[in-house]
Structure formats: C-alpha cells, structure tokens
Amino acid sequence: GSFSSQGKHMKSSCSLVAFNTDQAVCPNSLSLPVPDLVTDLDFSPFDDYLLATCSADETVKLWRVCDLDQDQPSNAEVTLSAADGRLEIVLFHPAASGLLAVASARGVQVWDVTRDTALTGKHTPSVFIPITITLYIRTIMCLSVSLQCVQGHQGNRDSRVLWVKDDNLLTTGFNQMRQQEVRLWDSRKLSSSLSSLSLATSNARCFSGSLFMFHEADLSLSLSVSHCLTDVSTRGVALVPKLALDVSCCEVLRLMQLSDNFIVPISYQVPRKDFHADLYPDTVGHTPAVTAEDWWKGENKQVVTSSVLVTASPSSKFRHIQGAVLHRDTHITNLRGLHLTTPGECDGFCANGQRVAVPLAIAGGQIAVFELSQPGKLPDTALPTIQNSVNVADFCWDPFDTHKLVVAGDDAKIRVWQIPKGGLTETLTEPERVLRGHTEKIYSIKFHPHASGLLASSSYDLTVRLWNLETGEEVKRLSGHQDQIFGMAWSPDGKLLATVCKDGKVRLYDPRKSTLPIQEGPGPEGQRGARVVWVCDGKYLLVSGFDSRSERQLYLFSAESLASGSVVSAPADVSPSTLIPFYDPDTSVLILTGKGDTRVYIYEIVPEAPYFMECSSFHSSEPHKGLCFLPKAECNVRDVEVARAIRLGKTTIEPVAFRVPRVKVRKEFFQDDVFPETAVWWDASLTAAAWLSGSNGQHRKISLRPNDMTPVSEAPKEAPVRKYLPSSVYLEEKTDEQKKEELLSAMVAKLGNREDPLPQESYEGVDEDEWAKYLAQIIVMGAQVVGRAFARALRQEFAASQAAAEARGGAGRQSAAASSFTGMTLQEAQQILNISTLTPEEIQKNYEHLFKANDKAVGGSFYLQSKVVRAKERLDEELSIQQQHQTKPPEQQQT
C-alpha cells in the first residue's frame, strides 16, 4: 500500500473503517476516486459517514460515504484548495462542527468547511496537529502567535503528539540513541517534560492513542504495563470510538490493526460478567458543542457527554447456556451401517420422546428404529428394520402418535408405517398406507402442528400437496414455485405455510384460501440449500441459507411484509451443509447445526433490534449427523434443562442436555422465568377434516413445575451482594504504613479466644486406667516436643525481629540499643500487646491474656506465643530504661 506519508493511514468511526492503499480492496469495501496519493484521513466526530482526506495534490476533500449496498459518490462533496505544498495532516476539531485543521511542511491552516474558507493563514505547527519531522513543540492560539516553544525529542525523525488527561500532552518520537521515546508534558509549562519512557530501538515510528504506543512495521503492540504480540507487521492502527464498544462483554478498548493484507480487530476486555458502570464513565457524544463560526469568535464549549449504556446491546439470560452429552449409560452404541448421504432437505434422522429412526446404508431404503428406553450396545447381528424398497428422501414421526412413522421415497410415494408397542421385533415390509399423487421425487414432508393426520409434502414436480392420512387422499395442491423447494414450515397457529425456494424467493401460502402464494419476497441468494422456521409468535420467519459467496447466513423476515426483504441478517460461517434450525417458542432460543458439523450455534431471537442475541455454543469432539429435539416434557427442570436433543454420531446415539447455569442456592426453586407454561404440542387440537372446513385449534398449556418445588418468583429475596469493588479500589496504591497496619490488625485479630470445643472432648468409650497410662506418656513426650519447638520458635522470631530492628533503628541511644538487643522496636511491641501507656500492670495483664489465647492447644502457634514473649521483654526493657533515666541527675541526663 501507500505508506510514504506522515499521516495515520487508517481511521475508524463507529460504523466504518477507512485506510489508504494502492492495492485492490476486498468485496466488503469501497474505493474513493482520489486522483493522487492520500497522505492522511480523518472521520468527523459528529458524523460517522463524513470522511476528510488530504493528498499530495495540495487539496483536502470531504466525502459523504454511503452504506456498502448503496451507490458511492463519484466526486467529493467538498474540495478545499490549500495550495500550501504537499499536505501531510488533516484533523477535525473535537468540539466545533465543520472545523478542519490542515498541516503541511510550511505550516498549519484552519478551515471552515461549511463556507469553504480558510479562517487562518499559515502558522507554525501546533500541538493539536500530530507533528512530523520537528524538534520543537509549540502551542498557538487562533492568531498566528506562538505561546510556548520548547525542544521536544532530540532525534531528527518524525514524531506524534496527543492531548491526554488534565491538559497534558503525550508525544512519541526518537531520542539521540535512535530509541523510540514517549514523553509526557504539562501544556501549561513546557519548559521540561514530566516524565519519559524509552522503548526498543526501531526504524519504525510510533502511533499514540489513549496510552498505547503502536510500532509501525514491528510485530508488537506495546503498553506501559503489558504487551500484545501480533502475527503480522503493523502498517497503521485506528482506535474505535467508545460508543462502538461491546459493553455487554466488558470491552474497554478496541483497535483496528492495518497490515499488508488484513485489517485485524484487537479487543481489550476486563474479565467480568454483565455490564459494570465503573468501567464506563460518560464519554463524548455525537452532538457538536459550537459551530465553526462561533469558535472563531472565541466561544469555547465542551461536547455533551453520553452514556455508553445507550449503545449497550441487551444481553440474553441464556447467554451462558451449556450443552452437555449425558452419561454413557444413556447412549446407544455400536451403530453400524449408517446412511451418511441423505438428501439436503432431510434432517438425517428423526426422534420423538420414545424412539429414534435412523436410515441405514442398505439396499431397499431400510430404516432402523431404536427405543430410547433401551440404551446400551447394539448386537453385531442384523437388526429388524423397515424396508421401503426405494431410497429414502425424507421421513418424520407423527407428532401426535409416537408409533407412526411417515417416509417419503424416490418413487414419489409416501409410506405410512405403524411401529408396534415395545419397538421393532421383526422387519416390516408392508406399510399401513401408501399415498400417491406426486409425479416426481419428493423433497420433504411436514406434519401440521394442530390437526391430526394432516401432512404437507414438496416435490420435484414444483408443487406442495396436503394429505389427509385418515383417508389417504390429496386434499390441497399448492403451486407457484419456479425451482427446487428447499424447505417449508407451518405457522404456530397452523393457518399459513411458508416455503423457501432455489429461485431465491420466500413464499407464504394460506392453503385454505388460495393455491397460489399470498406473499413472496427475496430470499437467500445462494443456491446450496435453505431452511425456514417461524419465530417470535409467528411475527417473523427465520431462514438459514447461503449468500452469494456461499457463506452460511441467517435471515429474519417480517411475516407481514416479505416483499421488503430481510429485516436483519447474521453471518454464521463457511461450510457446505445447511444449518438446520430448531426454535423453542417458550424461551425464544434458536439452536442450529448442520450435518457434519462439530459446533451447535445458539441464539435468543427478540422481535426488535438487535434481533439476534448470540449465546454460548456447544462443541462436540467429532462431527455429528445432526440433532433432533425432544418434547419439552422430557427436560429435567430440576437441573434447569431448557432443551433435550438426540445427537446422531457415526456409531452412537447420544442424548444432549442444554442447561442454563444458576446459583446453586437458587436451584432449589423452580425457575419459572425460563420455564413458562408450555404448549402440549404432542396432543392434537382438532382433526384434519375440521381444519379443512375452516376451524382453527389451539394447544392447551401446562406447567412443568414439580409439585414439591416453589417458583423462584415466590422465593424469599436475598440481600444483594456486590461481586466487584469499584475500579478505584484496585487502582489505589497503599502506603507502607497502611500495609503494615493491615498486617498487624490481621495478626491481632487471629489472637482472639477460641471457645469452640476440641474434637477430642467429645470422645467416649475409653477405659480410665488405659486413658491415664497413655495420658502420662503423652504429657512427657509433649513436654519435650513443646520445649524444643518453643525454643526454636523463639530463636527464629528473635533472628527475624533483630534484622528488622537493625534496618529501622530506635528513637534514643538506649532505646535503640534495646531494640537491637531484643530484635523488636518499641512501637511494634506496643502494637502486639495492644498497649498505649507503659505501665507494669497493663503489660502483665495483656501478656498473660495473649499468651494463653495463642496456646497451641486452642488453635494458636508457638510462633505467635514467641512474638508475645519478645514484646513483653522489649516493654520491660523500656520501663527499665525510663526508670534509670528518671533517677539520674540532670547533668548526666544531658550527656
């Protein structure tokens, strides 16, 4: 890229990142037609889409940048002709709107861009412009008068300057040894720098922002406290505005690093949970304080501050959801011959609360059925199966009959199978019913959510047909599709049917009123596959598909206006398989994964911005065939399990529980905030004939609360406990005296009496004679051990205290000699025995109390007892010195 300039090369607003380059840009970017080398650029602090650039052609241009999906301007909105040689620096005023400073090798100009006029002539470089190739720092007013001038960095290479807190200046440059150097200055007195810091020797210049120093062309980003090693060399760096930070994850700083081929975001986060106001004081907002004209007249105002809470994204109460495979005792293992190449429109397998159906790679479209109540290792011998005689295209369980399995085949027929109670004991070859009508291979089949025996099927003949399984007849035929139908879904109330098609359209049908779509709109651009599901009580349609670059995307459509396109989209990742969605209407949690994936994505969907609230993902150790979710009644609500799924691996069938972590104390209660009354969707609310005649059903709702659990909403309130102290507590530097006081206070507190009985006091059942014999032995041995241990503790304490006393010294000659002899100062001895006035009675009283309180038999130690003894000795010595001093004649006291 173009780096032969003194500018920043890169700048960020809350919405965009701009950088200069000579190379082709990536697809998610735009290029501005600047005719000459761009030497510097800057975003307006009050408009995220207003960009100023200066270039070698001696002009400054202001660009009104549009969103990436809109046509970009071919010309600059404003062009300022400075005519002052090659321009190096451009900078917006931080408080005044439309005020721009431009610097060149000849000087500085201030422009009012709203009137295209220069407010000042040429001035010597000022501190509000990052200075390049200068040895001096100058402060100027709006008049061409230098207020202060002082020699800056002694190296004759380029440097940078930045205003920091309390009217101070931070400059970066080079010293005489060619070391990168950072200096802090008081702008009110530039006679000398307040402090300086020398960094490594390098030919690269430093960029300063906040208190970070960035080394261009080096491989490190340096901070005065810590370092961040990057994988590529730095060509430029930009600080993202505070209002764009993700405060929900305690992000306090974000940088954009420009390298030769990439733009790398670097995020700095404080390891906390939830939002913490002490980390985010109010920051400058987007509203200018004054106009350029008012500023020129001498008016000075500060930009109104704004709270980052305004821009904080709401956090999901499911953001810490955890997925876990249940114990191996619940697994079905030794699964062999699994069919791994089912069509993309098929989920791969299906399960209900009692059993799971799995396709096998055996001729004749065979399906194995396993009972979830009979886990364990499968036999090596052949298993009883369902033989469809043709390849299986899709299959699913009847939601209202756990024994009925419906299978769609390549022969355009739908077969209905009835599984006997207790599971398959022999191979089934004759279906209960066969549905005929489609003329081409069937894509997928979906049961109606309310009406029993009502089935929808889509086919290569580009039709969607509705079937009444009770009569085996086709009751509706929907048309209007122009290409392959990727997926379909019934609305929660069962009135509408949504489809997503390979022709790039999302369609909405009301089958009882029309065979043609009542709405259609643009869907995913990719043609690799898609799925659709209703969310937010039927207000929105969520489509998982691919974009034009074959990257997996999630799209949200308003069910009332499909023609207006997606409301919002969210990128997932790059993978060839379509994400299969599962939506829980009780919690609004969306769970997605694809065939062959190892990651399960989890979101909470809300009907307003930001719509997608990402939660923790679940990762498996090896790729899975997919997930199939069970009815809500299968969840263990005592363990706050909000969803239960069956995971199909290469040789295993494993249950997976998705739990919301809660405080252990509160888990005693039923978590009614995550377990509202749930719809009994496994019971039909009406028949297929009743629905076709115009009736609508509604599922009854039940509570999942066990009888012996109290709702958490009725639990007694606990006093709030602050988890974290204010940041000022951690940043406060304590003096040596404060640290010493805390240490002594902790020691004295530990010397208190202990009234708790010892464990041996409750022992019973020992004969008195035997007890007396052992007691005598214990006394003799204990006396020897105690004597040696006490003497050793005294010697250790004396050596340590004497070393400390020699370092600190005493007040008078005799007192100092006593401190050196006893190894303890007078002040320490008084603090240990808690004595303010030296009297023999008080010393003896406190000594006896503390010596007994620190006996080893009551939980004390020999070390603490030795401290008490040494303290008494030191105080006794001090009393003796005072008595001698009082009895001496005055002339001897003076000497």
Side-chain angles (χ1 to χ4, degrees), residues 245-252 267-280 308-309 311-327 535-536 554 570-573 579 581-593 597-621 627 629-630 632 634-645 647 654-676 678 704 709 711-713 715 718 720-724:
L245 299 181
D246 185 2
V247 299
S248 61
C249 63
C250 292
E251 182 183 32
V252 295
S267 177
Y268 291 83
Q269 300 177 359
V270 177
R272 296 186 186 179
K273 297 179 180 179
D274 304 326
F275 176 80
H276 289 265
D278 61 315
L279 297 177
Y280 300 99
V308 293
L309 278 173
T311 59
S313 301
S315 59
S316 170
K317 59 184 175 184
F318 303 100
R319 60 189 177 279
H320 302 303
I321 190 171
Q322 299 172 354
V325 178
L326 298 187
H327 193 270
V535 297
C536 300
L554 302 178
D573 58 6
L579 286 172
F582 164 78
Y583 179 74
D584 179 15
D586 296 341
T587 59
S588 298
V589 169
L590 176 72
I591 304 178
L592 309 102
T593 191
D597 287 2
T598 59
R599 179 179 180 182
V600 178
Y601 295 89
I602 305 176
Y603 296 89
E604 183 182 359
I605 309 299
V606 292
E608 56 189 12
Y611 299 102
F612 292 96
M613 292 196 292
E614 188 172 1
C615 305
S616 300
S617 300
F618 166 67
H619 296 266
S620 56
S621 58
L627 293 179
F629 285 82
L630 305 182
K632 204 63 175 285
E634 302 296 326
C635 295
N636 182 6
V637 297
R638 297 181 184 273
D639 206 18
V640 201
E641 182 182 327
V642 295
R644 172 76 65 93
R647 175 180 176 270
E654 306 167 346
V656 179
F658 293 89
R659 305 183 180 98
V660 177
R662 289 292 170 97
V663 180
K664 186 176 181 179
V665 177
R666 310 299 287 178
K667 286 180 68 174
E668 301 174 359
F669 302 94
F670 176 70
Q671 310 294 316
D672 52 350
D673 59 327
V674 297
F675 292 111
T678 186
L704 299 177
M709 293 188 74
V712 71
S713 59
E718 294 183 352
V721 178
R722 183 164 187 169
K723 296 182 180 180
Y724 305 98

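Note: hydrogens, waters and symmetry copies are ignored here, and every other heavy atom, side chains too, is used.
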With rounding to the nearest 0.5 angstrom, report the [atom1] to [atom2] distance, [X] to [Y].
X: L592; Y: L627; atom1: CG; atom2: CG; answer: 10.5 Å
X: M613; Y: I602; atom1: CE; atom2: CD1; answer: 13.5 Å
X: E668; Y: M709; atom1: CD; atom2: CE; answer: 8.5 Å
X: F658; Y: T587; atom1: CZ; atom2: OG1; answer: 11.5 Å
X: D639; Y: R662; atom1: CG; atom2: CZ; answer: 12.5 Å
X: S616; Y: F318; atom1: OG; atom2: CZ; answer: 12.5 Å

Applying salt bridge (Lys or Arg N to Asp or Glu O under 4.0 Å), name anything that partners D586, two or more places apart in sequence or on another chain.
K632
Please enumerate all residues that pass salt bridge (Lys or Arg N to Asp or Glu O under 4.0 Å) together with E634, with sequence neighbours excluded.
none
Are the side chain of T593 and the backbone N or O of R599 linked by a donor-acceptor pair below 3.5 Å?
yes
Distance-only, no hydrogens or angles: does the S620 side chain make a donor-acceptor pair with backbone N or O of T598 under 3.5 Å?
yes
Are any non-hydrogen side-chain atoms of [X] and [Y] less than 4.5 angstrom apart?
X: L579; Y: Y601; result: yes
X: V660; Y: K317; result: no
X: Y268; Y: L245; result: no
X: N636; Y: R659; result: no
X: F618; Y: I591; result: no
X: V640; Y: F675; result: yes

If you compare all heavy atoms of [X] against all heavy atoms of [Y], which two are closest, and at what distance to 0.1 Å?
X: A657; Y: L326; value: CB-CD2, 3.7 Å
X: E251; Y: S267; value: OE2-OG, 2.8 Å
X: S617; Y: H619; value: CB-NE2, 3.8 Å
X: C536; Y: I605; value: SG-CG2, 3.7 Å

Could I get the full list of ring pair (Phe, Tyr, Trp, His ring centres under 6.0 Å) partners for Y603, not counting sequence neighbours?
F612
